Amino acid sequence: MLFLSLAAVGKLDVTGPHGARRAGPPLVVHAEVQAAIDAGEPVVALESTIITHGMPYPDNLHTARAVEEAVREAGAVPATVALLDGVCHVGLATEELTRLPQLR
């Protein structure tokens, strides 16, 4: 199990279960997510596996958008977590979310 600390955009603190540190891949934190973290506002992490592997297109895209909207309506910022081009993204731009369901 790894624990990620998102203290600032561009900084990645990857800590293992016994405090061991290891180099991690690049991490991109969407500006809206980072602003919410900085302001102490609620952020809800959403996994992306059901979007990429669990549902057929375009149902997966509609579901992803609906879930993000439900998070916003509840007063939090959605942060869909996904690997795009080998880079971990925390929070996706509209075009990234649109691209994700079609990746295989």
Side-chain angles (χ1 to χ4, degrees):
M1 176 179 268
L2 296 175
F3 304 96
L4 299 179
S5 172
L6 302 176
V9 175
K11 292 186 178 180
L12 175 62
D13 177 18
V14 181
T15 307
H18 300 289
R21 294 171 98 77
R22 70 176 185 83
L27 178 72
V28 175
V29 180
H30 191 278
E32 180 185 20
V33 172
Q34 187 62 54
I37 291 169
D38 292 344
E41 297 172 355
V43 175
V44 176
L46 303 169
E47 61 92 15
S48 59
T49 304
I50 194 165
I51 302 167
T52 58
H53 295 84
M55 300 179 77
Y57 182 81
D59 296 339
N60 52 4
L61 178 58
H62 297 305
T63 300
R65 287 181 174 157
V67 170
E68 284 199 352
E69 183 58 32
V71 169
R72 289 184 194 288
E73 288 175 2
V77 173
T80 300
V81 179
L83 285 175
L84 292 170
D85 302 318
V87 177
C88 183
H89 289 252
V90 180
L92 301 176
T94 301
E95 58 274 3
E96 293 166 335
L97 185 62
T98 300
R99 182 177 145 221
L100 185 64
Q102 299 179 65
L103 298 177
R104 296 282 174 208

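Since the model is a prediction, treat every value here as computed from it, not as a measurement.
- The two residues Met55 and Asn60 come nearest to each other via the heavy atoms O-ND2, 3.4 Å.
- The shortest non-hydrogen separation linking Leu61 to Thr98 is CD1-CA, 3.9 Å.
- Across all non-hydrogen atoms, the minimal contact from Gly91 to Val33 is CA-CG2, 3.9 Å.
- Of the inter-residue distances, the one linking Leu84 atom CG with Thr52 atom OG1 reads 10.0 Å to the nearest 0.5 angstrom.
- Partners of Val44 under the side chain to side chain contact (heavy atoms under 4.5 Å, CB included) rule, at least two apart in sequence or in another chain, are Leu46, Val71, Ala76.
- Applying the salt bridge (charged side-chain N to carboxylate O under 4.0 Å, His left out) test to every pair with at least one member in residues 63-87, sequence neighbours left out, gives these pairs: Glu32-Arg72, Asp85-Arg99.
- For the atom pair Ser48 OG and Glu96 CD, the distance stands at 11.5 Å (nearest 0.5 Å).
- Sorted pairs that involve residues 47-56 and meet salt bridge (charged side-chain N to carboxylate O under 4.0 Å, His left out), not counting sequence neighbours, are lacking altogether.
- Contact between Pro26 and Val87 at its shortest, heavy atoms only, is O-CG1, 3.7 Å.
- No side-chain heavy atom of Pro42 sits less than 4.5 Å from a side-chain heavy atom of Val77.
- Summarising the geometry, atom CG belonging to Leu92 is positioned 6.5 Å from atom CG belonging to Leu100; distances are rounded to the nearest 0.5 Å.
- Scanning both residues, Val43 and Ala36, for their nearest heavy atoms gives CG2-CB, 3.6 Å.
- Ala35 pairs by the side chain to side chain contact (heavy atoms under 4.5 Å, CB included) definition with nothing, not counting sequence neighbours.
- With sequence neighbours left out, the side chain to side chain contact (heavy atoms under 4.5 Å, CB included) criterion links Ala70 to no other residue.
- A side-chain contact (heavy atoms from CB on, under 4.5 Å) with Cys88 is found for one member of Val29, Val81, Val28 and no other, namely Val81.
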